[in-house]
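Accompanying notes for the structure given below.
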Protein chains: 2
Amino acid sequence: MRDITLKQIAETLGISITTVSKALKDYPDVSPKTRKAVLELAQSLSYTPNSFAVNLRTKESRTIGLIIPEVVHHFFSNVINGIIDEAEKNGYLVIILQSNESLELEKKQVELLMQKRVDGIIMSLSNESNDDEHIRDILRKEVPFVMFDKISKLIPCSKVIINDQKAAFNAVQHLIQKGCKKIAHIRGPVNPQNAIDRFLGYKKALEQNGIPFDSKLVYTCKNVTFEEGLAFGKQIAIEHPDVDGIFVITDLVAVGVLAHFNEIGLKVPEQVKVIGFSNWFMSQVITPKLSTVDQPSFEMGVQSFKLLLEEINTKKELHPFQPRTIELETSVIERDSTSKN
Amino acid sequence: MRDITLKQIAETLGISITTVSKALKDYPDVSPKTRKAVLELAQSLSYTPNSFAVNLRTKESRTIGLIIPEVVHHFFSNVINGIIDEAEKNGYLVIILQSNESLELEKKQVELLMQKRVDGIIMSLSNESNDDEHIRDILRKEVPFVMFDKISKLIPCSKVIINDQKAAFNAVQHLIQKGCKKIAHIRGPVNPQNAIDRFLGYKKALEQNGIPFDSKLVYTCKNVTFEEGLAFGKQIAIEHPDVDGIFVITDLVAVGVLAHFNEIGLKVPEQVKVIGFSNWFMSQVITPKLSTVDQPSFEMGVQSFKLLLEEINTKKELHPFQPRTIELETSVIERDSTSKN
DNA sequence: GGTAATTTCGAAAACGTTTTCGATAACGAT
DNA sequence: ATCGTTATCGAAAACGTTTTCGAAATTACC
């Protein structure tokens, strides 16, 4: 049961390979009669073109690469979802790699994808990423490239982001409106731009409301885990028992905080209000239901692929490509952890 | 900045393409002197072989396809994690597609992957899958193939599974040991083999303990969601207020049940004990912490790829391949939803 | 110096497709 | 019958690599 090729079809029909190829691709210069014959035979033999040969000839594989810090993560798996959905609609397949937040791995994977000659790369930076030579390498080779969420502002490429600073500002503003006077912040790691921006948004909201900024009230995550949430919850309760509001970098950590407060009997939202970030599915399942900032993760995936496709297509026609940045809207979602009904 | 090819290296060095190729691939019949020259030039030009050409020539792409019902799912994203980890270790990349539990999509995707000529396919069936012509097509074309978790017992291929019946049996046995006399079961959809097996395990445990089976105590999920958990929790509380134990098809649904019980003030585990399935990360975060059955999802991914690689390699050497089934161990994890400490 | 063995190299085919361009055939118009 | 036009086809090159097989060059041996 060997693979069917154009050659075999041509031979059994007594015509040339060229004509068979043309018939299958709806070229105008083949008679209806022979076209019909070719189509029928191809159908009955269930011919499918050898994609390896097509790739070589056309110099494209209709495959893109996706590098993310981790697959097992509510936010990222939703983005993946959006990307592979939109990609499939457009006849593209997606190769997924995860950097496990390691810069070294990330570099290797970028190289791997370029060797594979994917048609484009979508990527969210690992937390370690500050050296970006490997990223510039992508641009140098003119491989279509889009970054989302964790981006580097220095790289001139298309991006899909949210306005982290504004979103964080709104979250803290929400706490203040609910009456909070002393607000702590559990922030993300040092490097990632969005951790920085959310911190800046927190700071700005305090300033605009005449609340003095106190660096002692800022706690920095290393791994952004549930366990860190537990630990920081404990630390805050001990070090600053008068804190009445906490803005947390992401829902997962916020859930850890809530879990600790539940355990020690600290009342949320009566004694302290908590707001997270991301609108993780789980945040409306726990008690108390967690207020949060909705971040359109699926849509982020969709838009990322669309931008990439745009770049792929304009470059295919040898036109110059102008990178674009898409900023998606966020919104504060009020639940039980910041208001009692 | 065009791509570097063997031809270019050969021309600048004044030797043949053949020799360049051999030098780069450590063939014995090339002198140390020319090898050195080739290696150095290749290095300085940062030559990388055109994988499209290599694919065509070697008839393999070092890429595999993975079809799963949904990416955004704790169990599946962990399996994905295991697969792409192990694949990368062995120099393989992974194309991921999701069937969204639709048989029609699943069929299309199988075809897509075969057209792409991936070196192998790993797959977990969608809930709709009962017609398996598309699966048999994979075997007919002798594409290496592994199924995991949601499998079809009728297909002769390698599989990675758990013993769902035994695991369910142990879960129900656990409830009985904790004193439950009237045990309900929220089961999965009708088709999937593992939903059937877990149901059988439930039944068997009742029988062996002299508890009469009552089909009225069995509730069938359609979509296996948190919302269904809420709904069935409500239904059970109304229809059978004397139920004192519930075995739920998966943690997500069980969490829904707990959420409803929390809401109406039904005490878990005092009035009713609940045990889930999968050991979802979230199950130890909610109150009360959910007892469950641990299912080694990451390991399932690793083993799936290993089996696939085994098949790829033996088939590459034209040896006959004997499918194998790997059964991974599960264990009951006791938490607060079945015992008070 | 002659023969045999060993190194070292390269021509060429093959993988299967796409596409250009020229050739042939068919047809209509005069 | 001649010319121009159009419809239909196929030869061949190209994509870049791998590998076989034979040729040439070098070395070893007596």
Side-chain angles (χ1 to χ4, degrees), chain A residues 1-39 41-42 45-63 114-119 141 316-318, chain B residues 1-39 41-42 45-63 114-119 141 316-318:
Chain A
M1 274 265 287
R2 281 187 38 247
D3 283 330
I4 312 297
T5 68
L6 290 184
K7 195 176 172 188
Q8 293 173 40
I9 297 182
E11 278 171 358
T12 62
L13 249 47
I15 58 180
S16 77
I17 295 178
T18 309
T19 307
V20 177
S21 174
K22 286 180 180 170
L24 290 171
K25 308 199 80 202
D26 275 332
Y27 272 60
D29 60 342
V30 37
S31 74
K33 206 192 308 175
T34 53
R35 161 163 302 130
K36 186 156 173 286
V38 169
L39 254 44
L41 185 56
L45 296 177
S46 67
Y47 164 81
T48 56
N50 182 317
S51 66
F52 296 159
V54 176
N55 289 348
L56 176 60
R57 179 58 221 228
T58 62
K59 294 181 181 304
E60 60 171 20
S61 58
R62 299 214 139 232
T63 304
M114 308 240 281
Q115 280 176 16
K116 274 272 164 184
R117 282 174 157 74
V118 290
D119 295 348
K141 299 213 171 131
K316 195 152 53 177
E317 313 202 344
L318 300 177
Chain B
M1 275 264 287
R2 281 188 37 250
D3 283 331
I4 312 298
T5 68
L6 290 183
K7 196 177 172 187
Q8 292 173 43
I9 297 183
E11 277 171 0
T12 63
L13 250 46
I15 57 179
S16 77
I17 295 177
T18 310
T19 306
V20 177
S21 173
K22 285 181 181 170
L24 290 171
K25 308 200 78 202
D26 275 333
Y27 271 60
D29 60 343
V30 38
S31 73
K33 205 191 309 175
T34 53
R35 161 165 300 130
K36 187 157 171 285
V38 169
L39 254 44
L41 185 57
L45 296 177
S46 67
Y47 164 82
T48 55
N50 182 316
S51 65
F52 296 160
V54 176
N55 289 347
L56 176 60
R57 179 57 223 231
T58 62
K59 294 179 181 305
E60 60 171 20
S61 58
R62 299 213 138 233
T63 303
M114 308 239 282
Q115 279 176 16
K116 274 273 165 186
R117 282 177 157 72
V118 291
D119 295 348
K141 298 215 172 127
K316 195 152 53 176
E317 313 202 343
L318 299 177

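Bear in mind the structure is a predicted one, so any value in this text is a computation, not a measurement. Every chain is numbered from 1, with letters handed out A, B, ... down the list of sequences.
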* Asked: Looking across every strand, which nucleic acid part, if any, lies under 4.0 Å from A:Thr5 by heavy atom: base, sugar-phosphate, or nothing?
  -> sugar-phosphate

* To do: Might you point out which heavy atoms bring B:Pro49 and A:Arg117 nearest each other, and give the distance in Å?
  => O-NH1, 3.4 Å

* Asked: Of B:Leu56 and B:Pro28, whose nearest nucleotide on DNA chain C comes first from the 5' end?
  -> B:Pro28

* So where does chain B start and stop touching DNA chain D, 5' to 3', when the test is distance under 4.0 Å to a non-hydrogen atom? -> D:dG16 to D:dC21

* Reckon A:Tyr27 touches a base, only the sugar-phosphate, or nothing at all at heavy-atom distances under 4.0 Å? -> sugar-phosphate

* Structure fact -> Residue pair B:Asn50/B:Lys22 against DNA chain D: nearer the 5' end by closest nucleotide is B:Asn50

* Asked: For the residue pair B:Leu6 and B:Ser21, what are the closest heavy atoms and their distance?
  -> CD1-CB, 3.8 Å

* Structure fact -> The reported gap from OG1 in A:Thr5 to OH in A:Tyr47 (rounded to nearest 0.5 angstrom) is 7.5 Å

* Quick one: label A:Ser21 by what it contacts on the DNA or RNA (base, sugar-phosphate, nothing), any heavy atom closer than 4.0 Å. => base

* Does A:Ala53 or B:Ser16 map to a spot on DNA chain C nearer the 5' end, using the closest nucleotide for each? -> B:Ser16

* CG of A:Leu39 to OG1 of A:Thr34: how many Å apart, nearest 0.5 Å? -> 10.0 Å

* Asked: Which is true for B:Thr18 with a 4.0 Å heavy-atom rule: it touches a base, it touches only sugar-phosphate, or it touches nothing?
  -> base

* Examine the side chains of A:Lys116 and A:Thr63 and answer whether a donor and an acceptor come within less than 3.5 Å of each other. => no

* NZ of A:Lys316: more than 12 outside heavy atoms within 6.0 angstrom? -> yes

